Every structure is written in C-alpha cells, then in structure tokens.
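Reading through the structure tokens given below for one structure.
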Amino acid sequence: EALSNRSLLRGFLDPTIEKVDLLHGVSFASAGSGYDELTANITGALSLPKQLEYFRHYIIHLRKLVGEKMAKNIIKNAVFAISMGSNDFIQNYFVDVTRSKQFTVTQYHNFLISRLLRAVKGMHDLGARQLLVVGVPPFGCLPIVKTLMDKTGCVEEYNRVAFAFNSQLKKKVAGFGASLGMKNAFGDIYTVIESAIQNPNKY
C-alpha cells in the first residue's frame, strides 16, 4: 500500500475510486492473501505477484494523469507498506498441511521471505524507494487459532514460530533493502499486541 496523509486509502480496484485518489496513495491489499501464492489460491485472494501487477497498472494510470516525470516523483516519495504472513502460517501450514509436508518451519520461513524479497525487487524496479514491512502478530493468540486448537489461552508454539519469523524477516529486509538503496523500516506489531494482551489495562 502506498501511504499518504489522507484518512482513507481507496482500493485500487474500488469501482468508485476517483482520479484524485491516485495522487494520494491506493491499496492493493487483498484479505486472506500471503507471501505464498498457494495461500492466495486457497483463500481466493489476490496473490502478491497479482498485487504487483496492479501496481504496474496504477503507474500507467498515474502517468496519464500527471505525466511521467511527476509520476516517478510521486512513487519515489511514497512509502510502501507490506503486511501479511499470518495466513501463510495459519491457513497454509498448520491447518492445510500441504506446506508442512514440504518444509520444516525454518525452511518455510526462508521460502516466505524469498517471495517477499522477490516482490520488493519488483517494486524497486518500478520506482519504489521507501518500504515498511510489518511483521506478523502473535498469531497463537488469535481467536480463530484458539478455537481451532480448543485452547482458552494463547498457543505458545505458534507464537514462537511468529517471533522467529519476525526476527529473520527484520534482518533480511534490512539487508536486502540496503543493497537496493531503499529506505526501509520494520513494523513490530508482535510486541504491540503482546503488550496489549499481557497488560490490557494500559490500553
């Protein structure tokens, strides 16, 4: 998603989107998607490569609206946020066991990150220079996980997987982003949500 100071980012595929929305950022997000294309296939969401394809279409529309020079400048100064991964683990590794038969947890971490870095390279090739990657939450505490596992508390095994994935993701994104000359940041949603769960009165 290309972020802006507008209160709401319109979906790029929203039929009511207006030309002015293209100037302030749009969303290519698709609920239920993930870094793994199989996850999107299972949930019927737009895969990450498909979202990248729509970004290419966005650039075409933006060039027609403001010209190539200004379009390049808008994209260069935009902040692109990527936030996914939970569905890959919950839906596509722990529930549907296709990937767990193919990969160990550590191998699946590497697989997902490789898919992300491929997308980041594609974004960079299209002009993106500022990136925010948001880690996964402690998904062992999500209601759907606790229901599926018949637990009243958090499933700590899943949380350990999430924590380990975030640690690796943060390192890889920083190194890869630097090699491309991109400004990058990591959004640690895990710590924020964990704090809210452990200290609800603070919130």
Side-chain angles (χ1 to χ4, degrees), residues 1-3 8-17 25-61 75 78-126 128 131-145 147-149 155 158-159 161-162 164-166 168-170 172-173 176-177 184 186-187 189-190 193:
E1 298 176 9
L3 300 181
L8 176 66
L9 291 180
R10 306 292 292 274
F12 181 64
L13 298 181
D14 184 342
T16 65
I17 195 170
V26 295
S27 172
F28 306 100
S30 181
S33 191
Y35 297 119
D36 189 344
E37 291 179 51
L38 181 58
T39 303
N41 291 341
I42 291 172
T43 62
L46 297 177
S47 67
L48 189 52
K50 190 66 176 179
Q51 293 176 41
L52 190 61
E53 180 182 330
Y54 282 126
F55 176 40
R56 294 188 184 96
H57 287 293
Y58 163 80
I59 293 174
I60 293 171
H61 287 286
I75 293 168
V79 177
F80 291 82
I82 300 177
S83 178
M84 55 179 65
S86 295
N87 292 313
D88 292 313
F89 288 103
I90 297 171
Q91 174 65 45
N92 202 17
Y93 195 87
F94 293 119
V95 176
D96 185 311
V97 296
T98 300
R99 289 308 195 199
S100 60
K101 290 180 179 179
Q102 298 173 329
F103 302 108
T104 65
V105 170
T106 300
Q107 289 172 338
Y108 196 51
H109 286 176
N110 294 331
F111 176 79
L112 295 179
I113 292 172
S114 72
R115 292 301 184 268
L116 165 63
L117 298 184
R118 182 176 64 180
V120 170
K121 176 63 166 58
M123 293 164 61
H124 178 270
D125 291 345
L126 292 170
L131 175 69
L132 168 65
V133 175
V134 181
V136 297
F139 47 70
C141 297
L142 295 178
I144 187 173
V145 171
T147 298
L148 290 171
M149 298 293 289
V155 182
Y158 285 18
N159 283 350
V161 170
F165 176 70
N166 284 340
Q168 188 174 357
L169 180 65
K170 183 177 181 179
K172 291 288 186 179
V173 168
F176 192 73
N184 63 85
F186 179 78
I189 193 67
Y190 186 105
I193 294 179

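The shown structure was predicted, so the numbers you read here are calculated from the model rather than taken from an experiment.
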Given N87 and S33, is the side chain to side chain contact (heavy atoms under 4.5 Å, CB included) satisfied, shown in steps?
-> CA-CA 7 Å; N87 292 313; S33 191; 5.9 Å; no
Kindly state each residue pair satisfying salt bridge (Lys or Arg N to Asp or Glu O under 4.0 Å) with at least one member in residues 78-98, sequence neighbours excluded.
->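 Non-adjacent pairs meeting salt bridge (Lys or Arg N to Asp or Glu O under 4.0 Å): zero.
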Here the salt bridge (Lys or Arg N to Asp or Glu O under 4.0 Å) pairs for residues 33-49, sequence neighbours left out, are D36-R99, E37-R118
To the nearest 0.5 Å, how far apart are [atom1] in [X] and [atom2] in [Y]?
{"X": "N92", "Y": "T39", "atom1": "CG", "atom2": "OG1", "result": "3.5 Å"}
{"X": "Q91", "Y": "L38", "atom1": "CD", "atom2": "CG", "result": "9.0 Å"}
{"X": "F28", "Y": "L9", "atom1": "CZ", "atom2": "CG", "result": "10.0 Å"}
{"X": "L116", "Y": "L169", "atom1": "CG", "atom2": "CG", "result": "6.0 Å"}
{"X": "M123", "Y": "I82", "atom1": "CE", "atom2": "CD1", "result": "4.0 Å"}
{"X": "L112", "Y": "K172", "atom1": "CG", "atom2": "NZ", "result": "13.0 Å"}

Got a sec, which residues hit ring pair (Phe, Tyr, Trp, His ring centres under 6.0 Å) with [X], two or more places apart in sequence or on another chain?
{"X": "Y35", "value": "none"}
{"X": "F176", "value": "none"}
{"X": "H109", "value": "F89, F165"}
{"X": "F186", "value": "none"}

Check side chain to side chain contact (heavy atoms under 4.5 Å, CB included) between [X] and all other residues, then give those that pass, not counting sequence neighbours.
{"X": "I193", "value": "P137, P138, I189, I197"}
{"X": "V145", "value": "I90, L142, M149, V155, Y158"}
{"X": "A119", "value": "L48"}
{"X": "S100", "value": "Y93, V97"}

Are H57 and F12 close enough, and set up right, to give a side chain to side chain contact (heavy atoms under 4.5 Å, CB included), and what steps lead you there?
-> CA-CA 9 Å; H57 287 293; F12 181 64; 4.0 Å; yes
State, yes or no, whether a side-chain contact exists between H124 and L131 at a heavy-atom distance under 4.5 Å.
->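 No; the side chains remain at least 4.5 Å from each other.
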Report yes if the side chains of I59 and I75 come closer than 4.5 Å at any heavy-atom pair, otherwise no.
->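 They are in side-chain contact.
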Test side chain to side chain contact (heavy atoms under 4.5 Å, CB included) on V95 and L148 and set out the steps.
-> CA-CA 9 Å; V95 176; L148 290 171; 3.8 Å; yes
Is the distance between the ring centroids of F111 and F103 less than 6.0 Å?
-> yes
Sequence neighbours left out, what passes side-chain hydrogen bond (donor to acceptor under 3.5 Å, both in side chains) with T16? Give chain and number order.
->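 Checked T16 against side-chain hydrogen bond (donor to acceptor under 3.5 Å, both in side chains); matches are R10, D14.
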Should we count CD1 of I144 as having more than 12 external heavy atoms under 6.0 Å?
->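 Counting other residues, nucleotides and ligands, CD1 of I144 stays at 12 neighbours or fewer.
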Would you find a donor on one side and an acceptor on the other, under 3.5 Å apart, between the side chain of [X] and the backbone of [Y]?
{"X": "S30", "Y": "A45", "answer": "no"}
{"X": "S47", "Y": "K50", "answer": "yes"}
{"X": "Q107", "Y": "T104", "answer": "yes"}
{"X": "N166", "Y": "V136", "answer": "yes"}
{"X": "S27", "Y": "G11", "answer": "no"}

List for me each residue that meets salt bridge (Lys or Arg N to Asp or Glu O under 4.0 Å) alongside R56, sequence neighbours excluded, and say none if there are none.
->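 Testing R56 for salt bridge (Lys or Arg N to Asp or Glu O under 4.0 Å), a comparison that skips the adjacent residues, returns none.
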Can you check ring-ring contact (aromatic ring centres under 6.0 Å, His included) on F55 and F80, steps first, answer last?
-> CA-CA 11 Å; F55 176 40; F80 291 82; 5.2 Å; yes
Parallel, tilted or perpendicular: which describes the rings of F94 and F139, with under 30° parallel and over 60° perpendicular?
-> tilted
Provide the closest heavy-atom pair for G140 versus N159 in the form atom of the first, atom of the second, distance.
->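 Closest heavy-atom pair between G140 and N159: N-OD1, 2.8 Å.
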Between V161 and V105, the two heavy atoms sitting closest are CG1-CG1, 3.8 Å
